[in-house]
Amino acid sequence: FFLWSFHFSRRSEGRGDPSRSERQMLGGTFLSLFTLNLVFYTAYSKQTKRLDMSLLLDVLFFRRGLDHTLVELNKVISLVGLSMFLIGFAAFAWWDRRKGIALLAQATLLLWTHSLYSVFKFYGTSHIPRLSTYSTIFKEMIAKSSKMKVTAARKVSVLLGAAAQAIIMLWYLAYLSSLYASGLLVAFLGIGHFYLMEVDYKGIPKVRPFGWLPFLLAAAVACLAMIG
């Protein structure tokens with residue numbers, strides 16, 4: 001699972017194989033975020049506004065079918081990937097450059113997984129509208145209809161996500177040298193993608209409480225960036 005992360009890290013830093021502490025750091029960060037999101041995001045009931053472990057068991061034991069499990073795990077992977085990207089960027093910029101790059105690379109792998117599954121599952125639906133409909137995006141933005149505005153928000157969300165993924169790909173192909181500036185841009189493109197994908201017709205993101213973690217991490221990164 002971590003091979004691509006280490007390859008990216010070595011390529012960026014020009015160093016040898018990762019140390020045991022680096023492997024433990026990557027594994028520990030992933031497992032911690034994954035477990036926390038499963039417990040506090042997947043198991044949170046929007047109806048009762050409290051944790052309901054039966055919801056988690058539905059996912060883990062396929063009690064509502066494979067499709068339901070994959071959809072819910074895809075949400076968790078996206079949250080873990082975005083959170084890890086923000087943590088990795090902070091580590092890269094203000095703590096340990098090599099460990100930060102390794103975290104960024106691992107986060108990228110998770111976000112690519114999320115993107116590929118989402119396109120496979122949701123392309124042509126209200127979540128990811130067909131490309132042929134994007135020519136009406138500006139008309140939908142200024143429309144009086146709340147439904148059309150939500151449709152525009154989903155399209156902008158997809159475009160922001162695609163832009164973030166394109167920048168990451170340019171990293172990997174070594175076309176971008178400034179990881180700090182482009183990394184900060186990717187982080188907030190990702191937050192914008194997440195916000196607009198979850199927003200309702202009132203402009204309020206309908207996410208479970210633990211889903212706000214990436215927003216808090218983004219706020220912390222923004223504060224650190226302003227401080228210097």
Side-chain angles (χ1 to χ4, degrees), residues 37 41-42 44 46 67-86 88-89 104 107-173 175-176 179 181-219 221-222 225:
N37 276 280
Y41 184 84
T42 303
Y44 182 83
K46 291 183 178 180
D67 185 66
H68 173 76
T69 292
L70 291 177
V71 168
E72 290 300 314
L73 288 180
N74 186 50
K75 294 177 183 178
V76 170
I77 287 172
S78 70
L79 291 170
V80 172
L82 185 54
S83 298
M84 186 174 288
F85 191 95
L86 290 160
F89 178 79
L104 288 172
T108 298
L109 180 62
L110 293 170
L111 293 173
W112 280 354
T113 301
H114 162 68
S115 298
L116 289 171
Y117 176 79
S118 296
V119 170
F120 170 78
K121 174 66 179 177
F122 298 111
Y123 182 74
T125 70
S126 60
H127 293 288
I128 306 180
R130 293 184 179 278
L131 289 175
S132 59
T133 68
Y134 278 66
S135 60
T136 61
I137 189 170
F138 294 108
K139 184 185 297 184
E140 291 161 348
M141 285 180 179
I142 61 175
K144 293 183 179 180
S145 167
S146 297
K147 182 178 179 180
M148 292 182 71
K149 288 182 178 179
V150 171
T151 299
R154 298 295 184 267
K155 291 178 180 179
V156 174
S157 172
V158 171
L159 293 174
L160 293 179
Q165 296 285 17
I167 293 172
I168 292 172
M169 180 59 71
L170 291 175
W171 282 357
Y172 187 75
L173 297 175
Y175 284 112
L176 290 177
L179 284 179
S182 56
L184 196 60
L185 177 59
V186 168
F188 287 98
L189 285 172
I191 286 293
H193 164 76
F194 179 36
Y195 175 86
L196 292 173
M197 188 57 71
E198 298 295 333
V199 74
D200 64 6
Y201 69 96
K202 294 181 180 179
I204 301 173
K206 294 297 184 180
V207 297
R208 285 162 267 192
F210 201 76
W212 286 95
L213 177 61
F215 293 103
L216 297 176
L217 291 172
V221 167

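Everything quoted here is computed from the prediction, not taken from an experiment.
- With contacts defined as side-chain heavy-atom distances shorter than 4.5 Å, the pair Phe194/Leu79 qualifies.
- Atom CD1 of Ile168 sits about 9.5 Å away from atom CG of Leu189, to the nearest 0.5 Å.
- In this structure a side-chain-to-backbone donor-acceptor pair under 3.5 Å is present from Asp200 to Ile204.
- Residues Leu86 and Ala187 approach most closely at CD2-CB, 3.6 Å, considering heavy atoms.
- The minimum heavy-atom distance linking Phe122 with Thr125 is given by the pair O-OG1, 2.5 Å.
- At least one donor-acceptor pair closer than 3.5 Å links the side chain of Tyr123 to the backbone N or O of Leu131.
- Ser182 and Trp171 get closest at one heavy-atom pair: OG-NE1, 2.8 Å.
- We find the NZ-OG1 distance between Lys75 and Thr42 to be 8.5 Å, quoted to the nearest 0.5 Å.
- With hydrogens and angles disregarded, no donor-acceptor distance shorter than 3.5 Å links the side chain of Ser83 to the backbone of Val80.
- Taking every heavy atom of both residues into account, Ile191 and Pro214 meet most closely at CD1-O, 3.5 Å.
- The two residues Pro205 and Gly203 have their closest heavy-atom pair at CD-O, 3.8 Å.
- Using the six-membered ring where Trp is involved, Phe215 and Tyr195 have ring planes that are perpendicular, over 60° apart on the 30 and 60° scheme.
- Across Asn74 and Ser118, no two heavy atoms sit closer than the pair ND2-OG, 3.1 Å.
- Counting heavy-atom neighbours within 6.0 Å of His68 NE2, excluding the residue itself, gives a total above 12.
- Side-chain contact check for Phe120 versus Leu70: every heavy-atom pair is 4.5 Å or farther apart.
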Quick one: side chains of residues 142-151, donor-acceptor pairs under 3.5 Å with protein atoms, not counting sequence neighbours, listed by atom name and distance.
from	atom 1	to	atom 2	distance (Å)
Ser145	OG	Lys147	N	3.3
Ser145	OG	Met148	N	3.4
Thr151	OG1	Lys147	O	3.0

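- Considering only heavy atoms from C-beta on, Tyr41 stays 4.5 Å or farther from Leu213 through its side chain.
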Taking distance alone, no hydrogens or angles, what donor-acceptor pairs closer than 3.5 Å link side-chain atoms of residues 153-167 to residues at least two apart or in another chain?
from	atom 1	to	atom 2	distance (Å)
Arg154	NE	Met197	O	3.3
Arg154	NH1	Leu196	O	2.8
Arg154	NH1	Met197	O	3.4
Arg154	NH1	Val199	O	3.1
Arg154	NH2	Val199	O	3.0
Lys155	NZ	Thr133	O	2.6
Lys155	NZ	Thr133	OG1	3.4
Lys155	NZ	Thr136	OG1	3.3
Lys155	NZ	Glu140	OE1	3.0
Lys155	NZ	Glu140	OE2	3.1
Ser157	OG	His193	O	2.6
Ser157	OG	His193	ND1	2.9
Gln165	OE1	Trp112	NE1	2.6
Gln165	NE2	Leu111	O	3.3
Gln165	NE2	Ser115	OG	2.7

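- Distance check, rounded to the nearest 0.5 Å: CZ of Arg208 to CG of Asn37 gives 10.0 Å.
- Remark: Phe89 CZ to Leu104 CG distance equals 8.0 Å, nearest 0.5 Å.
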